[in-house]
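Every chain is numbered from 1 and lettered A, B, ... according to where its sequence line falls, protein lines coming before strand lines. Note: hydrogens, waters and symmetry copies are ignored here, and every other heavy atom, side chains too, is used. Remember, predicted model here, so these are calculated numbers, not experimental data.
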Amino acid sequence: MIRINCPYCGLRGHDEFSYIGDATKQRPASPADATAAEWHDFVYIRDNPRGPHQEIWQHIQGCRAFVRVLRNTLTHEVLATGLPQDDLLAGASGPAKTEEAKTGEAS
Amino acid sequence: MPDSSTEAAGVAPLGRQSALSGMIRPGDHGAADYRGPGVTITERHPLSMVQIEARGPEVAVMLEASNAVLGLRPPQAPNTSVGDGHPRILWTGPNRWLVVEPESRDLDTVLQDALIPGGAAVVDLGHGRASLRLSGRSVRQILMKGAGLDWHVRAFTPGMCAQTTMFHLPALIDCRDESTFDIYVARGFAVSFLESVTQAAAEYGYRLG
Amino acid sequence: MIFNRRFDQPFRLAEGGEIDRLAPVSFRFDGKTYQGYLGDTLASALLANGVRLVGRSFKYHRPRGIYSAGPEEPNALVELRTGGRHEPNTRATMIELFAGLDARSQNRWPNLLLDVMQLNALLSPVFVAGFYYKTFMGMPGWRFYEHFIRKAAGMGSGTTLSDPDSYDKMHTHCDVLVIGGGPAGIAAALAAGRSGARVMLLEESDALGGRLRSERRNLNGEPAMRWVRGAAAALEALDTVTVMTRTTGFGYYDGNVIAAVERISDHLATPPEHAVRQRLWHIRAGRVVIAAGATERPLVFTGNDRPGVMLASAARTYVNRFAVQPGKAAVVFANNDDCYQTALDLHRAGIEVQAVVDSRPDGHGAAKQQAETAGIECVTGAAVIASHGYLGLNSVDIAPISADGLTVTGPVWQLSCDLLAISGGWSPNVHLHSHAGGRPVYDPGIAAFIPGPSRQAERSAGAGAGTLGLADCLRQGAEVGAEAATLLGFTPPAIEIPTSDEPATGPLKALWRVPGPGKKYVDLQDDVTSSDVELAHREGYISVEHLKRYTTLGMGTDQGKTSNMNGHAIMAEERGDSIEDVGTTMFRPPYNPISLGAIAGRDIGMHFSPTRRSAMHDWHAENGAVFVEAGQWMRPQIYRRDGESDVKADMDRAISREVTETRGGVGMVDVSTLGKIDIQGPDSAEFLNRLYINGWKTLPVGRARYGLMLREDGIVFDDGTTSRVGENRYFMTTTTANAGPVMSHMEEYLQVHWPELNVKVVSVTEQWAAMALAGPKSRDVLAAAVEGLDVSNEALPFMGVRETRIAGVKARVFRISFSGELAYEINVPADHGRAVWERVMAVGAEHGIIPYGTEAMAIMRIEKGHVAGGELDGRTTADDLGLGRMSSSKKEYIGRRMADREGFLDPARPKFVGLVPVDGKSRARVGSVLVADNTMQPPVPMLGHISSSAYLSPTLGHPISLGLVEGGMSRVGETVWAMFPLRDEAIEVRIVDPVFYDKDGERLHA
Ligand SMILES: [Zn+2]
């Protein structure tokens, strides 16, 4: 079972989390001004990348925080996690950064 | 030290009926061990439980106001808990805590009066959750059966709490001392949870009371 | 007595072994009683009693004997225990003997000695690989033949009784997990354990030692088991180390999670009271040391499956560990130096060793000299090319072979023997490494696959890594254990490695197929022969994965432990490719068969999933409720009265009664399961405005409003009422089914999309017990129940919300209605739910109040034309449901910009309507498809479907339905057909207004 590093609770089994969706899609900030194509893109268009991908998960059985997760879709390896607004690929060169658990499980 | 004697002896001023009323058959059950039961299972009832939550600049105000009214500051570190039980404050989420004490006053109103002016949200959850205290030498085995966190004495120490799934249902688990844990589950799951705990405890022997 | 017992076990040695001679144990096999000792396995006890024939083979029903002494056993599969504990296909080599053990051979009829199915063997030329599929599949008679084929080629049979034992699960974490308690594993656990790391050591058998239990080896000049016992005590003394015996690590999963099964009570006749039979462990490890050992390979020659043919390592195990002679006269046949040690051990146990046959042109090593010194004839450059005997071995044919092993080069001679110990070399158990994503690589030095680069935090040590010498195993175990601890930040001290007395050995020489005609078994469990592999090659199934499926090689319960390497090597020879290029199949969990009981654990029956009860649950149960599961909630479906049972007629009568008495008087239903969400903060109204399609900014304190939520794609998500209970505080209700999803949806928008909104939300579903009081007399009942609240129509109008007290308890009263009647919802803190419910029932008695269940509730909402789960099916828009007029065009809300897409505005979209049967009595089922005419031929254009159905509206006296149909309300009065082809139903229905009852809402506003 893969584990996800909740920014608050530390490493927890993925069964405590609920997958929410693709984090690379930004909801139109001004809904009335967004075009139909932009809405279509936000609601329906999803890449299916092979490799690192940013996703939103909710720590639904834990602290209920939403977590941004950089996951390798090929290996299921969780490369990095952060708050929903963080961009986990920004400035990342070489191996992706991994956050240490702030508290929670010690091992 | 946990305060089982005082909590267990609490009298229900409003005649609250526990979700487990009629379900706890006092006495020793399961395997007999010369050392006595491996775990003692006690219902904690009636409890006052109030959730407090704030955002941004409200947080500092709320922490101060909590300290003033409760004599206890909510812990900043995630998944930690403080207090001797009168009250106990458990971190349950970002800027969110659960204040718990044996019912003796209208805690919801006390906290509303103290915290709402500072912008905090105060919600009474006292009837929404049931709580069991598990204690004894086999208590960590019961946790290992139900939940996937690391329950080793080195890893989960007094003053730590965690929300996870235990026996397939959401639970808040608070370590009171090395062999005593307070567990909170949604009221509706209380009977199911008690059955799972007692099944799991049978091989060690358990005392209900 | 002692002497009698000795004679009862004619093949038992007078001394030695790990058995407890003071603890004789009697057991039954195929109905006959035998005696063994505590410490025996069923296999060793059978051999001690001279039982050599233990089963029949899977396909050809060949007589088979005990072949191994471990988990790789392909032959000795038996049915164990009786009744609910009956278990088929258990390996006699793995069953610890207990008093009263009852086992039966399987796959024979009428009995083991006389098996008529052995005819299959005479027909074996036609039963080649792929035979069944080629011959029977697709033929008209397949179903007829299948029955006989399954009967003829079968395994043990299961039981239909329920298992009386309890199974359990546990989760644990450790720093270093060591799998395998042989010399390498012990050394690894000691090295890691002394660093202070949390270490777990899993051992499949009942004690530590691994091969050392079966070999006559010295460590530090003393019997090796003395060192093992000392090491076990040292591990015991470390409080960070946990040693678990009778525990098999059987699967390696993502995230360094290992699944293991602990057989707590399998070695007992029945588990003690309250004890668990088996426990499934879920172990999360920082690092894993795989010290899983190696499995000896058979040699592939004609008649290599006859009872009496046995792996050489097993023969040593039986004489050394169990003090049992697996035969009286032995031949040893090998392609490596193990044959000489085997011969010496057998000789020492009083077995007459007729010859050692070494297929290599030259023998090697000190052991050979010792064997020759002991007077044992050693033949090199030769092979056993055939075996003879009816139900067991009585002689073998031996012949010289060429150096390349492909041809017989000289005359054949015969030796009498009842035991043939064979060794084709050792294959490391790379299974767990393979589960973890590793790709084993071929090591020509030992002619076997060894672990390749690791994909997870694991490393193999000892024989499992291809390290076959004892001293090397110990050294490597300690090194890998220390490395694991170091990588996790611990500082392991150096540990002392004991010195070993093992003789130097020379290299083996691979011999994959012995020359000669006849059946040579590669996979004994599946009856796959070398000629099946050759046939697969001829027919083009040359990849190992195709070979496996075509011949069933390695597909038995042993997963090819003894057969894969030989089978793949033979394929490589046929292809003319290297073994490395041909490769090996992927291993998948479980390494060994795992009982379904252990996998299910305690999640069975009512505990398959936890259940939720409302605060009034016990009252319902005491008052005749029949419960139905709604999600995890247990809800009263109906309330039975005296004399009613759960037959359909009684159920229907109860449902009608509950509807009629509520509409005619007053009824109360438990609605505690509705989702309830507390919303606080200065931006709450703005948040609600964005969540719901209708407006919220004008809702005054003390009022409720019905709201509809969409998803981002414009489809309806959920509905419910939300009340303003304070200046900046709201109380939302959701449907029961969407309580969780709506909560999560709201949190998502607050945390991810609109963090600028200052709103706090929390689920209070469980905080409040909720009951809906409905019916024309509900106001009278409420008035009698509340304390100091004016409940008149003026003081508490429709959609009004008030705080009050009932039975001394703080309560919230909402004047809202799902039933279409004058109705109120009462919420009280859950611990008071039952008291308040009882109070309302008591004051309602004089008004004839009844409790009603979910069936009556559903019928009343259909009569009223309210949408619910059937309509909110993830496909409907607000317009489709006739709720589009609720939408506020003055604000943005979730889903608004997708809701007015062209496709959603298409007038042809099916729209919400009511439907009644034209004949006034036929019941149209939910899911029925609406079409224009029942006589049309396919493809028939679909006009819509039925979404909800009341099989009888007690109010109207006939069935009614809700549905969606093209044209919607513009077709009122037309008839269409409701078709349900699965049940061959076609019902003509008339389209009507979906509000069947009180269209003007006079009742709920009364
Ligand atoms: Zn968390």
Can you find a pair of side-chain heavy atoms, one from [X] and one from [Y], that are under 4.5 Å apart?
{"X": "Ser196(B)", "Y": "His607(C)", "value": "yes"}
{"X": "Glu766(C)", "Y": "Arg129(B)", "value": "no"}
{"X": "Ile116(B)", "Y": "Gln680(C)", "value": "yes"}
{"X": "Val123(B)", "Y": "Lys760(C)", "value": "no"}

With a sphere of 6.0 Å drawn around CD of Glu273(C), does it hold more than 12 non-hydrogen atoms of other residues, nucleotides or ligands? no
Answer with side chain, backbone, both or neither: which region of [X] has an atom nearer than 4.5 Å to a non-hydrogen atom of chain C?
{"X": "Gln141(B)", "value": "both"}
{"X": "Ala190(B)", "value": "neither"}
{"X": "Leu143(B)", "value": "neither"}
{"X": "Tyr204(B)", "value": "side chain"}
{"X": "Asn95(B)", "value": "neither"}
{"X": "Val191(B)", "value": "side chain"}

Is [X] in contact with chain B via its backbone, its side chain, both, or neither, using a 4.5 Å heavy-atom distance?
{"X": "Val828(C)", "result": "neither"}
{"X": "Thr240(C)", "result": "side chain"}
{"X": "Leu280(C)", "result": "neither"}
{"X": "Asn728(C)", "result": "neither"}
{"X": "Trp768(C)", "result": "neither"}

- Could you tell me whether the side chains of Gln51(B) and Asp678(C) share a donor-acceptor contact shorter than 3.5 Å?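 Not at all, the side chains of Gln51(B) and Asp678(C) share no donor-acceptor pair under 3.5 Å.
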If you tally heavy-atom pairs under 4.5 Å between each of Ala32(B), Ala202(B), Ala121(B) and chain C, the highest tally belongs to Ala121(B)
Verify side-chain contact (heavy atoms from CB on, under 4.5 Å) between Arg279(C) and Lys145(B), making sure each step is shown before the conclusion.
CA-CA 10 Å; Arg279(C) 181 155 24 233; Lys145(B) 291 190 184 198; 3.6 Å; yes
TODO: Please check if the side chain of His173(C) supplies one atom and the backbone of Gly148(B) the other of a donor-acceptor pair under 3.5 Å.
DONE: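 Yes, because the side chain of His173(C) sits within donor-acceptor range (under 3.5 Å) of the backbone of Gly148(B).
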query = Gln767(C) side chain to Gly126(B) main-chain N or O, any donor-acceptor pair under 3.5 Å?
reply =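 Yes, because the side chain of Gln767(C) sits within donor-acceptor range (under 3.5 Å) of the backbone of Gly126(B).
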Quick one: [atom1] on [X] to [atom2] on [Y], what's the gap to the nearest 0.5 Å?
{"X": "Arg613(C)", "Y": "Leu20(B)", "atom1": "CZ", "atom2": "CG", "result": "9.5 Å"}
{"X": "His171(C)", "Y": "Met166(B)", "atom1": "NE2", "atom2": "CE", "result": "10.5 Å"}
{"X": "Glu203(B)", "Y": "Ser166(C)", "atom1": "CD", "atom2": "OG", "result": "7.5 Å"}
{"X": "His152(B)", "Y": "Asp175(C)", "atom1": "NE2", "atom2": "CG", "result": "9.0 Å"}
{"X": "Gln632(C)", "Y": "Ser192(B)", "atom1": "CD", "atom2": "OG", "result": "8.0 Å"}

- Would you call Arg55(B)-Asp683(C) a salt bridge at under 4.0 Å N-O? no
Review point. Does the pair Arg187(B)/Asp831(C) count as a salt bridge with the N-to-O cut at 4.0 Å?
Key: yes
Provide the closest heavy-atom pair for [X] versus [Y] in the form atom of the first, atom of the second, distance.
{"X": "His274(C)", "Y": "Gly30(B)", "answer": "CD2-C, 3.2 Å"}
{"X": "Val761(C)", "Y": "Glu53(B)", "answer": "O-OE1, 4.2 Å"}
{"X": "Phe167(B)", "Y": "Pro610(C)", "answer": "O-CG, 4.0 Å"}

- Message: Suppose we call two aromatic rings close when their centres sit under 6.0 Å apart. Are His832(C) and His127(B) close by that rule?
- Response: yes
Report task. Apply side-chain contact (heavy atoms from CB on, under 4.5 Å) to the pair His168(B) and Phe608(C), showing each step before the final yes or no. Result -> CA-CA 9 Å; His168(B) 308 300; Phe608(C) 180 69; over 6 Å; no
Would Asn758(C) and Glu58(B) count as a side-chain contact (heavy atoms from CB on, under 4.5 Å) if you check the C-alpha gap in whole Å, the side-chain angles of each, and the deciding distance to 0.1 Å?
CA-CA 10 Å; Asn758(C) 186 349; Glu58(B) 298 163 354; 2.5 Å; yes
Counting heavy-atom pairs under 4.5 angstrom with chain B, the leader among Gly601(C), Pro272(C), Ser609(C), Ala615(C) is Ala615(C)
**Q.** salt bridge (charged side-chain N to carboxylate O under 4.0 Å, His left out) evaluation trace for Lys810(C) with Asp106(B)
**A.** CA-CA 12 Å; Lys810(C) 203 161 74 175; Asp106(B) 186 351; 5.0 Å; no
